[in-house]
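These values consider heavy atoms only, across backbone and side chains, with no hydrogens, waters or symmetry-generated copies. The shown structure was predicted, so the numbers you read here are calculated from the model rather than taken from an experiment.
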Amino acid sequence: MKNFEKYTKQYFLPPVRCMDWAEKDSIDRAPIWCSVDLRDGNQALIEPMTLEQKVEFFKLLVKVGFKEIEVGFPAASETEYTFLRTLIDNGLIPDDVTVQVLTQAREHIIRKTFDAVRGAKNAIVHVYNSTSVAQREQVFKKDKAAICKIAVDGARLLKQLADEAGAKYRFEYSPESFTGTEPEYALEVCNAVLDVWKPTPDRKAVINLPATVENAMPHVFAQQVEYLSKNMLHRENVVLSLHPHNDRGCAVAASEMGLLAGADRFEGTLFGNGERTGNADIVTIAMNMYSQGVDPQLDFSCMPDICEKYTEYTQMAVSPRQPYAGSLVFAAFSGSHQDAIAKGMQWRKEHKMPHWNVPYLPIDPQDVGREYQTDVIRINSQSGKGGVGYILQENFGLNLPAKFKEAMGYAAKGVSDRTHKELKPNEVYQVFLDEFVENRPVFSIPECHYKQLADGIEATVTVEQKGERTVCVADGNGRLDAVTNALKKHFGLDFLLTTYEQHALSEKSDSKALSFVGLEKGGKSYWGAGINDDIIRSSVDALAAAMNNLMQN
């Protein structure tokens, strides 16, 4: 690709090696979560949310379990200001939820922000200014000392206005474009801000490290985070926060490594909505923890409902392949995958497994509101016998013999291939009925009568073929054997009855009998099934269906 020479590294490693995070293999507890959907996510929408949509989204975030929610940039627009006042004046903020407001480190903006947040019981005032080399040189045209002064002046004004209001607001500072800033300089600015605020155990400060533009591999971000965590003033009274973006597509990995590197808190959005390629996806990060036995302290057990409401409020679609949340992330179309999942589910039942370990399913789909019958094993032309058999058993109580599953699998795949579409469970069942239960292109058996003999059973079978009825009679060692012999003699056929199985149609009811018959002729197998209140009649129907399949091939 041309012009690659015009690009170079835009990040800075710490002055000392910071790799303690690499010795850890997992995150063992949830961070403090802060949703920025209503601010960062909202400003990335083509059409920002209305006041009503933002109120409903706020309620959704509270329901999910967020205790810190950045509600907007109240000095940026009247809608933002009105939204915050609506939350406060109408008592919509629960006592255990802290609202966060963003402001630039500029006096008139800070003052309007304090006016907007007046009356909030719990609030974080979040001030920022950009510290990166590119911003210092190209935008502000100021040196390091002047940029640091902007941050310190803003920090002082926050403290002054909070004291004047008698409010115990907490403060947050972000060196915007942190990843494009020399780590030692970012540390200098953050420490200067902390020296103004002098945080205490009961009023901790938040230092937030934003990857405003993701410009390095995740391990670089982790080293930058660890360096600041180890060298920050008042560290015991600082909540170290992360705010990654996804320009390189590595936001989730960078977030997880940053948490290993010492961060206590995390800012992100549902499904990663944000400017350019987006923010880090809180759903994915939280569910990654959940999948390893860590309580994320957020509730995504009704994921389909959350996706639906998110789309309604933002007009943003949730990709069908979005981790944990997408409509297809648990779906298995491949025959080998379906077979493994079906066997894994059966293994869990048989062994009463305490922990989840089913092939191809990183978590139990039911834990996020998905159903096995409709969301997991899906049938199309790529599917196999295991998946088709699972669908019929779980949805309709049909426990097909092993070799019958193969025939049924080919039948369902054939229909899907010809129609070029996925088959829903009811459509799979209809294939079963059409191909193996109701299939009578050659003949049918309207009635059978039996007579007990000294050494067996005599069957009198009425055969209907092309509108004509014929009666045939034969003996056998049982009713089905006698009917089989009568039909063989009538049609002049020679075949083996290799399989005969029957069971109740479902575990909940024994009112219907289900029979399966397998025939073999010339090395090929032919199958039929029968469903009837009477077990003998169901077996005769299964035999008739199997013979019809044999005779039309």
Side-chain angles (χ1 to χ4, degrees), residues 385 389 392-393 396-408 411 432-553:
K385 60 181 181 181
L392 292 175
Q393 183 168 11
F396 306 102
L398 307 181
N399 186 13
L400 276 60
K403 291 185 177 180
F404 195 159
K405 286 181 185 177
E406 185 173 346
M408 180 61 211
F432 169 72
L433 294 179
D434 292 344
E435 297 288 332
F436 301 105
V437 178
E438 299 169 353
N439 186 21
R440 300 289 189 278
V442 181
F443 75 95
S444 61
I445 301 176
E447 56 183 297
C448 284
H449 299 284
Y450 306 97
K451 180 180 178 180
Q452 184 71 48
L453 303 177
D455 57 351
I457 296 289
E458 178 185 85
T460 302
V461 183
T462 300
V463 175
E464 183 170 316
Q465 191 173 13
K466 297 180 180 180
E468 298 289 332
R469 292 195 175 192
T470 307
V471 175
C472 53
V473 181
D475 299 346
N477 56 23
R479 287 177 173 82
L480 186 60
D481 185 50
V483 173
T484 302
N485 291 336
L487 293 173
K488 281 182 174 180
K489 183 168 62 173
H490 176 74
F491 289 108
L493 288 174
D494 185 26
F495 57 80
L496 292 176
L497 195 158
T498 56
T499 303
Y500 170 56
E501 294 184 18
Q502 62 83 21
H503 65 75
L505 185 55
S506 73
E507 296 177 359
K508 299 178 182 178
S509 172
D510 58 359
S511 61
K512 291 281 188 182
L514 174 62
S515 297
F516 302 102
V517 165
L519 309 178
E520 186 176 308
K521 179 177 173 60
K524 294 184 65 176
S525 295
Y526 304 90
W527 291 91
I531 302 172
N532 199 277
D533 294 338
D534 179 72
I535 185 65
I536 301 302
R537 183 67 222 192
S538 74
S539 63
V540 170
D541 287 344
L543 173 65
M547 286 187 63
N548 271 274
N549 279 328
L550 183 156
M551 295 168 73
Q552 69 177 341
N553 285 287

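- Taking the six-membered ring where tryptophan is involved, the planes of Phe516 and Phe404 are perpendicular, since the angle between them exceeds 60° and thus also 30°.
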Please tabulate, one pair per line, all N/O donor-acceptor pairs under 3.5 Å involving side-chain atoms of residues 449-456, not counting sequence neighbours.
| residue | atom | partner | partner atom | Å |
| --- | --- | --- | --- | --- |
| His449 | NE2 | Glu447 | OE1 | 2.7 |
| Gln452 | NE2 | Gly456 | O | 3.2 |

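- Residues Met551 and Leu493 meet the side-chain proximity criterion, which asks for heavy atoms closer than 4.5 Å.
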Using a 3.5 Å cut-off and no angle test, enumerate the donor-acceptor pairs between side-chain atoms of residues 435-446 and protein atoms at least two apart in sequence or in another chain.
| residue | atom | partner | partner atom | Å |
| --- | --- | --- | --- | --- |
| Asn439 | ND2 | Asn549 | OD1 | 2.6 |
| Arg440 | NH1 | Val437 | O | 2.8 |
| Arg440 | NH2 | Val437 | O | 3.4 |
| Arg440 | NH2 | Asp541 | O | 3.2 |

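- Of the charged side-chain nitrogens involved, none lies within less than 4.0 Å of a carboxylate oxygen, so that Lys521 and Asp494 do not count as a salt-bridged pair.
- Residues Val517 and Tyr526 form no side-chain contact, since every pair of their non-hydrogen atoms from C-beta on lies 4.5 Å or further apart.
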> Given Leu519 and Trp527, is the side-chain contact (heavy atoms from CB on, under 4.5 Å) satisfied, shown in steps?
Replying inline: CA-CA 6 Å; Leu519 309 178; Trp527 291 91; over 6 Å; no

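- Checking Ser515 against Ser538 by side-chain atom types alone, a donor-acceptor pair falls below 3.5 Å.
- Taking every heavy atom of both residues into account, Pro401 and Glu501 meet most closely at CG-OE1, 3.5 Å.
- A donor-acceptor pair is defined here as one N or O able to donate and one able to accept, closer than 3.5 Å; such a pair exists between the side chain of His503 and the backbone of Asn399.
- In this structure, the separation between OG1 on Thr498 and NZ on Lys403 is 7.0 Å, given to the nearest 0.5 Å.
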> Going through the distances and angles, do Asp533 and Lys512 end up as a side-chain contact (heavy atoms from CB on, under 4.5 Å)?
Replying inline: CA-CA 5 Å; Asp533 294 338; Lys512 291 281 188 182; 3.3 Å; yes

Could you give the side-chain donor-acceptor pairs of residues 477-492 under 3.5 Å, partners two or more places apart or in another chain?
| residue | atom | partner | partner atom | Å |
| --- | --- | --- | --- | --- |
| Asp481 | OD2 | Asn477 | N | 3.0 |
| Thr484 | OG1 | Leu480 | O | 2.7 |
| Asn485 | ND2 | Asp475 | O | 2.8 |
| Asn485 | ND2 | Asp481 | O | 3.2 |
| Lys488 | NZ | Phe495 | O | 2.9 |
| Lys489 | NZ | Val473 | O | 2.7 |

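- Counting only heavy atoms from C-beta outward, the side chains of Gln393 and Leu400 never approach each other to under 4.5 Å.
- Among all heavy-atom pairs drawn from Ala513 and Ile535, the shortest one is CB-CD1, 3.6 Å.
- Using a 4.5 Å heavy-atom cutoff, the side chains of Arg469 and Val463 are not in contact.
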>> Walk me through whether Cys472 and Val461 qualify under side-chain contact (heavy atoms from CB on, under 4.5 Å).
In response: CA-CA 5 Å; Cys472 53; Val461 183; 3.9 Å; yes

